[in-house]
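Structure first, commentary second.
Everything quoted here is computed from the prediction, not taken from an experiment.
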Protein chains: 2
Amino acid sequence: MTAPEPPVPSTARHGRLSYAVFQLARAHRGQGAAILRELDLHPGQELLLMQLFDQDGLTQSELLGCVGLDHSTVSKSLRRMQDAGLLTREPAEHDRRVMVVRLTDKGRALREPIARMWRELEETSARDLTDEEIDTFVRLAHRITASLTTRA
Amino acid sequence: MTAPEPPVPSTARHGRLSYAVFQLARAHRGQGAAILRELDLHPGQELLLMQLFDQDGLTQSELLGCVGLDHSTVSKSLRRMQDAGLLTREPAEHDRRVMVVRLTDKGRALREPIARMWRELEETSARDLTDEEIDTFVRLAHRITASLTTRA
DNA sequence: AGCAATTACTTGGCCAGCCACATAACCGTG
DNA sequence: CACGGTTATGTGGCTGGCCAAGTAATTGCT
């Protein structure tokens, strides 16, 4: 019972690249979400945690710059993670506007599980590709990303 | 004023491919959303419309199979598009469970604008790539997608 | 010093997307 | 023909994500 082979809409015929990105993104996100659910995390949260693994005590806006999302998204997401006991947020000493984000022990404990999930996702994604093909893909993906982000 | 070059978290060092997909997906989606907003559409809606451009009068579940989303997502999305006057939904004759979805004139009128937006997105994405590189990328992307979707 | 920008963050509102549950209509078997 | 199972869809509830508007603290300029 393979998937019913979703037909490519004719309107997308002249957008092969975009359509491929679309499908890939959905599959990748879906797979990632499935693995994350086992850790009681939601997609996106792991990215914030990963930044904190590298450097704890970041400011909310520093965090923002790392992940490149909207500030309101990060704000709400952090709040939920705080409620879940993964991190704390306290106003900074020198500037009481900024919120310093710190991992709790419970948050730090997710480091290895997240790394494992990340490896698992990578393994599944790259299952049928040679190292060279992975390299090619990553390079092209970066160039496309650059084209999309520069010159808004 | 280029982006501050978001640092790759060390946890993702062994997930280059996944991280690249991640970034690409976000950039691509963001760019697409920006263009769609000009048409008063939200990301995802254009995919449903495109399927209807190809074949009007599809059943909601046929539509579902094409886009591969959750049925509740499609249900709500169609309802909003119905409220926006882009399509109609009526129970089928032979089976009063199924809802037949049909474009209105207003919905049909979006065909060219959507095609244009699709071309624009494609052009931006592929701006710095040769035809051969696009081809390579699309092929690799499809293989990765296949790896992610088969063997759930 | 004082008052306007700027910065950091929060909140509300909206839509996409998922899961889980509920409902209605059809189908098949005893 | 009645009843359980399946199918098609709807709804509630949660999160991610965006924009826009609001608040609070700091900076800058006069």
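Distance from the side chain of A:D95 is smallest for D:dT26 among the nucleotides D:dT26, C:dC26, C:dA16. Considering only side-chain atoms of A:S75, the nucleotide from C:dT11, D:dG16, C:dC18 that sits closest is C:dT11. You'll find that the side chain of A:R96 is closest to D:dT26, out of D:dC18, D:dT26, D:dA8. Considering only the side chain of A:H42, D:dT15 comes nearest among C:dG17, C:dC26, D:dT15.
Using a 4.0 Å heavy-atom criterion, one finds that A:S61 contacts the sugar-phosphate atoms exclusively. Using a 4.0 Å heavy-atom cutoff across all strands shown, B:H71 reaches at least one base atom of the nucleic acid.
Both A:V100 and B:L69 sit near DNA chain C, but only A:V100 has its closest nucleotide nearer the 5' end. With the nearest nucleotide of DNA chain D identified for both A:E93 and A:G44, A:G44 has the one nearer the 5' end.
Whole-Å rounding puts the A:E62 CD to C:dA8 C1' distance at 12 Å. The distance between atom NZ of A:K76 and atom P of C:dA8, rounded to the nearest whole Å, is 20 Å. Protein atom CZ of A:R80 is 10 Å distant from nucleotide atom C1' of D:dG17, rounded to whole Å. In this structure, A:L36 places its CG atom 11 Å from P of D:dG16, rounding to the nearest Å. Atoms CG (A:L48) and C1' (D:dG17) sit 13 Å apart, rounded to a whole Å. Atom CG of A:D70 and atom C1' of C:dA16 are 16 Å apart (whole Å). The distance from atom CZ of A:R79 to atom P of D:dG16 is 13 Å, rounded to the nearest whole Å. Between the CD atom of A:Q82 and the P atom of D:dT15 there is a distance of 14 Å, given to the nearest Å.
Taking side-chain N and O atoms only, A:R89 has a distance below 4.0 Å to OP1 or OP2 of C:dT10. Listed pair A:T73 / D:dG16 fails the phosphate criterion, with no side-chain N or O lying under 4.0 Å from OP1 or OP2. Contact between the side-chain N/O atoms of B:Q45 and the OP1/OP2 oxygens of C:dC15 is not found at any separation under 4.0 Å. For the pair B:S72 and C:dC18, the criterion of a side-chain N or O lying under 4.0 Å from OP1 or OP2 is not met. In this model, the phosphate group of C:dA16 is not approached by any side-chain N or O of B:R29 to a distance below 4.0 Å at OP1 or OP2.
Within the model, atoms CZ of A:F137 and CG of B:L17 stand 5.5 Å from one another, a figure rounded to the nearest 0.5 Å. Between B:L41 atom CG and B:I114 atom CD1 the span is 5.5 Å, to the nearest 0.5 Å. From A:R26, atom CZ reaches atom CG of B:L47 across 7.0 Å, with rounding to the nearest 0.5 Å.
Salt-bridge check for B:R108 with B:D105: passed, with a basic side-chain N closer than 4.0 Å to an acidic carboxylate O. In this structure, A:E122 does not pair ionically with B:R16, as no charged nitrogen and carboxylate oxygen lie closer than 4.0 Å.
Below the 3.5 angstrom threshold, one finds a donor paired with an acceptor across the side chain of A:R97 and the base of C:dT7.
Side chains of A:H28 and B:S18: a donor on one and an acceptor on the other come within 3.5 Å.
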